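Because only heavy atoms are used, hydrogens play no part in the values below, and waters and symmetry mates are left out as well, while side chains stay in. Order of appearance sets the numbers: ligands from 1, and atoms from 1 within every ligand. Note that the structure is a prediction, hence the values are computed from the model and not measured.
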Amino acid sequence: MDYQKILNEIVIEVNALENSGEVANYIPELAKVNADKFGIHLTTMNNEHYATGDSEEKFSIQSISKVFSLAMAFSLLGEKLWKRVGVEPSGNPFNSIVQLEYENGIPRNPFVNAGALVVVDVLLSELKDPERDLFTFVQSLTGSSNITYNKVVAQSEKETGYLNAAFVNMMKAKGNIVNDTDEILDFYYKQCSIEMNCRELAAAFLHFGENGLSYEHAGFSLTKSQVKRLNALMLSCGFYDESGQFAFKVGLAGKSGVGGGIAAVYPEEFAVAVWSPKLNKKGNSVRGFHSLELLTTKTESSIF
Ligand code: DON
């Protein structure tokens, strides 16, 4: 498969369309990003690399980080984790609060913000130094020691994160949060403001495509069955109320973030990360989504 030729074609086709959508302006610091950035990096299981555009430029991975913290919490708690957070698509935006009240403080899945906050609560309860462990884990997955978070973005999220504070408080009132609410929010904002480039993200996600291998990084291990479950959650919930469309049009397990990144995996073949900051109404990168649709169409790769 000539992946480089396909990526080059994708850039031409994507550039021919209007760069529509809006950058994530509800986090003021994210709104400052150059909206015309576009990068893509594909890494195969044989460790071949194909890339184009701004693929080496770091960006805010935002909700893509929820996959990493979930992997850690699942490794620590196993099936007990699903007593605290569900595994069903929400059919709602990532920052919707209505469902959380009538479902008694148990978030639908670990990728809506409320679910990711429960996952953080688990990490704070189970680990002596959760921040160090998160960065060690992510560095181990990416094979890069140069992974940090952007303090200015984290602070910007903290200053404007009224809904996230509401989720934690609602869940605390319903008995599904153990730790101090400010500690949970601080950790969550650090996690979301981690910066990576497309190459590093693809390297991290390649591990979720290692079907048949059990997986161990920085002391956190997942069985083959657990990696399968992570991929199932990405497929069914990774794009919030657009997860059905992503499965329908792209057909890969993946996760988006409001920084404009999408990382996805085609088990046993490749992992791919794409970055373009403008988002659609569902909070997913317009060009990122479109590029991956073109990729799986041109390569005829789909898990189905
Ligand atoms: O808490 C928030 O709203 C952001 N830090 C993360 C949201 C996000 O990336 C949703 N993904 N598309």
Side-chain angles (χ1 to χ4, degrees), residues 21-33 58-70 85 89-97 100 107-121 134 149-171 177 181-182 184-196 201 205 233-246 250 253-264 273-290 292:
E22 295 288 333
V23 296
N25 47 22
Y26 78 102
I27 300 172
E29 209 46 44
L30 284 188
K32 296 181 180 168
V33 72
K58 302 245 191 194
F59 59 93
S60 196
I61 68 168
Q62 291 295 320
S63 286
I64 302 173
S65 68
K66 294 171 181 173
V67 179
F68 305 135
S69 50
L70 174 63
V85 57
S90 66
N92 276 313
F94 60 86
N95 54 4
S96 165
I97 197 164
L100 193 60
R108 269 291 169 108
N109 66 65
F111 296 144
V112 290
N113 286 9
L117 289 160
V118 169
V119 166
V120 169
D121 192 46
L134 172 69
Y149 74 96
N150 184 320
K151 291 193 173 67
V152 181
V153 172
Q155 183 62 26
S156 182
E157 293 206 52
K158 189 175 174 160
E159 283 164 10
T160 53
Y162 304 110
L163 271 172
N164 288 327
F167 298 137
V168 188
N169 282 298
M170 168 84 78
M171 294 190 288
I177 286 288
T181 55
D182 283 335
I184 293 170
L185 290 166
D186 283 346
F187 187 95
Y188 172 75
Y189 294 134
K190 282 179 191 165
Q191 163 196 312
C192 288
S193 52
I194 289 176
E195 294 186 323
M196 286 193 199
L201 261 182
F205 269 64
L233 280 167
M234 282 197 256
L235 183 78
S236 56
C237 313
F239 298 81
Y240 313 104
D241 44 344
E242 202 170 34
S243 300
Q245 283 285 348
F246 193 83
V250 180
K255 184 74 204 78
S256 63
V258 292
I262 298 179
V274 58
W275 172 49
S276 170
K278 283 196 170 181
L279 310 176
N280 62 21
K281 294 253 173 347
K282 311 279 186 182
N284 299 317
S285 168
V286 176
R287 286 185 155 178
F289 193 125
H290 187 57
L292 294 182

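- Under 3.5 Å, the side chains of Glu195 and Ser60 contain no donor-acceptor pair of N or O atoms.
- Side-chain atoms of Asn113 and Asn164 include a donor-acceptor pair closer than 3.5 Å.
- Backbone and side-chain nitrogen or oxygen atoms of Asn113 are examined, and one is located within less than 3.5 angstrom of a nitrogen or oxygen of ligand 1.
- Geometrically, Lys282 does not engage Phe239 in a cation-pi contact, judged by NZ or CZ lying under 6.0 Å from the ring centre and within 45° of the ring axis.
- In terms of N/O distances under 3.5 Å, ligand 1 is approached by Asn164.
- Protein heavy atom nearest atom 4 (C) of ligand 1, with residue, atom name and distance: Gln62 OE1, 3.1 Å.
- With 3.5 Å as the limit, one finds a donor-acceptor pair spanning the side chains of Glu157 and Gln62.
- Crowding of Lys158 atom NZ: a count of heavy atoms from other residues, nucleotides or ligands under 6.0 Å not exceeding 12.
- Atom 1 (O) of ligand 1 has Tyr188 OH, 2.7 Å as its closest protein atom, hydrogens excluded (heavy atom only).
- Counting the atoms of ligand 1 from 1 in the order shown, those under 4.0 Å from a heavy atom of Gly257 are 9 (O), 11 (N), 12 (N).
- For ligand 1, the atoms lying closer than 4.0 Å to a non-hydrogen atom of Val258 are 7 (C), 8 (C), 9 (O), 10 (C), 11 (N), 12 (N).
- The distance between the ring centers of Phe94 and Phe111 does not fall below 6.0 angstrom.
- The protein atom (non-hydrogen) at minimum distance from atom 9 (O) of ligand 1 is Ser63 OG, 2.6 Å.
- Using a 4.0 Å heavy-atom cutoff, Phe111 is absent from the residues neighbouring ligand 1.
- Annotation: cation-pi geometry not satisfied between Lys66 and Phe68 (NZ/CZ under 6.0 angstrom from ring centroid, within 45° of ring axis).
- Ring orientation note: the planes of Trp275 and Phe59 are close to parallel, at an angle under 30° on the 30°/60° scale.
- Between Cys192 and ligand 1, a contact under 3.5 Å exists for no N or O pair.
- An N or O contact shorter than 3.5 Å links Gly283 to ligand 1 by distance.
- At a 4.0 Å heavy-atom cut-off, ligand 1 touches Tyr26 through the side chain alone.
- Ligand 1 has at least one atom lying under 4.0 Å from a heavy atom of Tyr240.
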